[in-house]
K.L.:
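Sending over a structure as structure tokens; questions will come in a sec.
Lettering of chains follows the sequences in order, A, B, ..., and the numbering in each one begins at 1.
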Amino acid sequence: MADTSWLREFPQMDRMDLLEIRKTLDSAYREFSRSYGDSIESFFDPLLHFLVWFEQLLINSPWWAVILVVTALVYAATRSWKLSLSVVVSFLLIGYFGMWEDTMSTLSIITVCTLMSIVLGIPIGILMARSDRIRSFVTPVLDIMQTMPAFVYLIPVVMLLGIGKIPGLIAVVIYAIPPVIRLTNLGIRLVDPEVMEAATAYGASPMQRLFGVQLPLAMPTIMAGINQTIMMALAMVVIASMIGVKGLGQPVLKSITNQYFTLGLFNGLAIVALAIIFDRVSQAYARRTQRHSNGGRNV
Amino acid sequence: MSDALIRVEGLYKVFGKDPASVMPLVHEGRSKDDILAETGHTLGLKSIDLEIAKGEIYVIMGLSGSGKSTLIRHFNRLIDPTEGRILVEGTDVMQLSPRQLIDFRRHKMSMVFQRFGLLPHRSVLDNVAYGLAIQGVDRSSRAQQAQQWLEAVGLSGYGEQYPAQLSGGQQQRVGLARALCTNAEILLMDEAFSALDPLIRSEMQDQLLALQQKLHKTIIFITHDLDEALRLGDRIAILKDGALVQEGTPVDILLHPADDYVAAFVKDVNRARALTVETVMTPAQCCIEGDSVQAALKALEQAGREYGFQVAGRQYRGTLSRRSLEQAPGDHIDASLLETVATVAPNALIESVIPDTLETPGPLPVVSEDGNLCGELSRASLVEVLGDGSRRSAA
Ligand SMILES: Nc1ncnc2c1ncn2[C@@H]1O[C@H](COP(=O)(O)OP(=O)(O)O)[C@@H](O)[C@H]1O
Ligand SMILES: [Mg+2]
């Protein structure tokens with residue numbers, strides 16, 4: 001009789017071969033990280049310094065000064081007393097419940113991650129909007145970045161750079177950057193073609209079109225992307241604490257392993273408070289800068 | 001050569017992946033539909049030759065999809081041709097380097113768009129000044145010029161507003177001011193008034209004509225509305241499926257449509273509102289010199305007419321009728337013998353002279369501003385033009 005076992009069981013690859021593949025890839029990557037890990041790490045050194053400096057600045061400044069500055073920034077961005085007042089109250093509560101330092105760490109890494117995502121994401125989005133070729137290449141990469149479980153890409157990052165702030169930052173940026181890129185691309189592509197034609201017809205150079213027309217008109221969409229990016233970065237902070245990112249994520253992690261419900265809840269709530277503040281502030285800012293587009297009317 | 005400001009020679013445009021591969025079919029004379037079905041390419045324009053003179057309003061007309069927008073976008077190279085040449089003041093625009101092209105667009109041509117194409121995030125004043133801002137003109141001098149043009153289009157108080165705060169008509173005035181603000185010699189207007197209400201549209205047409213009287217630009221105006229074309233155009237070109245089917249003065253187009261497509265356009269036109277007296281009048285049949293009643297009666301007899309015009313040289317003096325001349329007491333024609341007949345101006349619209357024509361038994365004298373008799377307007381010729389026009393073109 002012929003062997004019919006392949007009908008019942010999946011004719012899978014030989015175990016030894018599979019093992020061989022894994023071994024080869026792993027050792028190749030390990031080899032790569034051994035020879036280049038240091039130089040890549042030193043490449044990120046300036047960023048690390050900035051991150052540490054910023055975190056220390058937030059932690060070492062007197063608490064009232066931090067609240068004052070943050071509230072002033074929020075008011076400058078939104079011109080809303082209500083929002084500014086909620087920020088003060090949230091921060092006071094956070095401090096009162098003993099989460100000040102962790103919150104400052106989280107705040108600093110979120111700020112840096114968001115800046116990184118904007119600095120990298122907007123140019124990539126612009127390139128994507130300019131060329132269908134680039135878009136067809138970038139889109140699937142973004143899909144993978146967003147659907148791949150976050151833990152999976154922590155592994156190579158940790159293998160390469162070890163545990164610490166920079167790998168955490170990279171993981172958060174990878175996880176959080178897709179919305180900025182996607183919505184920058186979308187926003188630019190949605191700019192009224194007739195307005196673009198007008199700019200071209202009046203002799204605008206490509207740069208004048210980009211900075212004078214495309215980016216300003218895409219701004220509401222880009223702001224929506226930045227908002228989503230911040231939210232995703234906050235969500236990722238808990239996971240990134242597994243590889244040594246300090247902040248509100250670490251107590252949450254500790255609570256899971258030790259079943260401290262209240263500790264987890266408090267820190268979770270602090271993250272929620274930060275999320276709401278970031279969300280409302282960035283939205284109010286976006287609305288305020290876009291008032292002209294409907295001429296102050298509710299169109 | 002001629003004094004054409006813009007010349008288009010053998011222009012073809014095919015939209016699609018590989019336009020060059022389709023050109024043999026186009027040259028074989030295959031139809032737009034055939035080419036689309038066979039190759040998936042759209043024939044946008046075929047074999048366009050035209051010349052536009054300095055200072056004229058050149059109207060390009062056709063149904064939607066006939067290639068009007070495609071054609072006008074070739075003049076400033078928003079679209080590149082598949083084949084053919086576009087010469088502006090003798091310069092082949094296809095030969096311009098990217099840098100030169102930008103300069104050319106900044107200084108030679110400006111454009112007005114159907115849906116206005118204003119920058120929503122800039123104030124009205126900044127929109128008007130946009131062309132100058134792009135050129136790097138400093139802020140205060142461009143604000144001053146923009147203010148001047150805003151006034152010229154009647155929007156002086158609106159500089160600080162944003163486009164979304166204005167009505168459609170006002171927005172298009174901003175579009176027009178923006179186009180004029182660069183002082184470019186050529187104005188491209190792609191269905192600039194088509195999105196506006198009829199009343200506003202006719203106001204805008206008046207405004208454009210008034211501005212043109214002062215500015216003497218070369219205007220290329222696109223429309224799908226023949227009434228608009230007739231009103232504005234010094235010459236009209238008619239496009240059908242990307243080809244130029246007729247080119248001529250408004251009267252040419254109206255009275256001698258080249259084919260059924262043009263005839264269909266012309267059919268619904270209100271001729272009384274489109275044609276002027278000049279185009280319909282005939283030479284005066286009976287001009288009477290001198291003051292003698294007898295001589296006048298003789299002249300009427302010879303011409304076989306009931307009415308005649310008394311003239312001195314080319315100057316019109318009055319209308320005489322056989323009946324009152326026969327009852328004249330002496331041989332001297334004096335003012336009391338003259339009929340009370342309205343005179344009409346050669347550039348008056350026919351519509352405006354219909355009542356006078358109906359009230360007067362004889363032909364109306366057509367008298368120019370300086371008092372010269374240019375011709376006469378009879379009921380018969382009016383009826384002929386306002387009635388079925390095909391009789392005239394067939395005749
Ligand atoms: N970018 C384009 N790609 C493909 N086909 C086009 C493009 N632009 C115009 N066309 C086609 O060319 C023809 C003429 O279009 P257009 O010049 O916009 O007409 P109009 O302005 O007279 O309405 C239409 O059949 C249209 O579908
Ligand atoms: Mg069009």
K.L.:
Of the non-hydrogen atoms in A/Gly212 and B/Arg122, which two are nearest, and what is the gap between them?
P.N.:
O-NH2, 3.5 Å

K.L.:
Go through the atoms of B/Arg178 and report whether side chain, backbone, both or neither lie under 4.5 Å from a heavy atom of chain A.
P.N.:
both

K.L.:
Non-hydrogen atoms of chain A under 4.5 Å away: do they reach the side chain of B/Ala184, the backbone, both or neither?
P.N.:
neither

K.L.:
Carefully, step by step, assess B/Gln114 and A/Glu194 under the rule side chain to side chain contact (heavy atoms under 4.5 Å, CB included).
P.N.:
CA-CA 9 Å; B/Gln114 178 168 9; A/Glu194 214 180 46; 4.0 Å; yes

K.L.:
Are the side chain of B/Arg105 and the backbone of A/Tyr202 linked by a donor-acceptor contact shorter than 3.5 Å?
P.N.:
no

K.L.:
How about OH on A/Tyr285, more than 12 heavy atoms from neighbouring residues, nucleotides or ligands closer than 6.0 Å, or not?
P.N.:
no

K.L.:
Near B/Tyr158 OH, under 6.0 Å, is it more than 12 heavy atoms from other residues, nucleotides or ligands?
P.N.:
no

K.L.:
Which heavy-atom pair separates A/Ser205 from B/Ile102 by the least distance, and what is that distance?
P.N.:
CA-CD1, 3.8 Å

K.L.:
So, for A/Ala198 and B/Gly117, which heavy atoms are closest and what is the spacing to 0.1 Å?
P.N.:
CB-O, 3.5 Å

K.L.:
Can you give me the closest heavy-atom contact between B/Ile134 and A/Ala204, atom names plus distance?
P.N.:
CD1-CB, 3.6 Å

K.L.:
Quick one: of B/Pro98, B/Ser110, B/Ala133, B/Gly131, who has the most non-hydrogen atom pairs under 4.5 Å with chain A?
P.N.:
B/Ser110

K.L.:
Taking atom NE2 of B/His121 and atom CG of A/Leu215, what is their separation to the nearest 0.5 Å?
P.N.:
9.5 Å

K.L.:
For B/Phe113, which atoms come within 4.5 Å of any heavy atom of chain A: side chain, backbone, both, or neither?
P.N.:
both

K.L.:
What are the two closest heavy atoms between A/Val195 and B/Leu119, and how far apart are they?
P.N.:
CG1-CD2, 3.3 Å

K.L.:
Of all heavy-atom pairs between B/Leu78 and A/Glu197, which one has the smallest distance, and what is that distance?
P.N.:
CD1-CG, 3.9 Å

K.L.:
Would you please test B/Phe116 and A/Asp192 for side chain to side chain contact (heavy atoms under 4.5 Å, CB included) and show each step?
P.N.:
CA-CA 11 Å; B/Phe116 322 134; A/Asp192 183 351; over 6 Å; no

K.L.:
Could you look at B/Leu118 and say if it's the side chain, the backbone, both or neither that has a heavy atom under 4.5 Å from chain A?
P.N.:
backbone

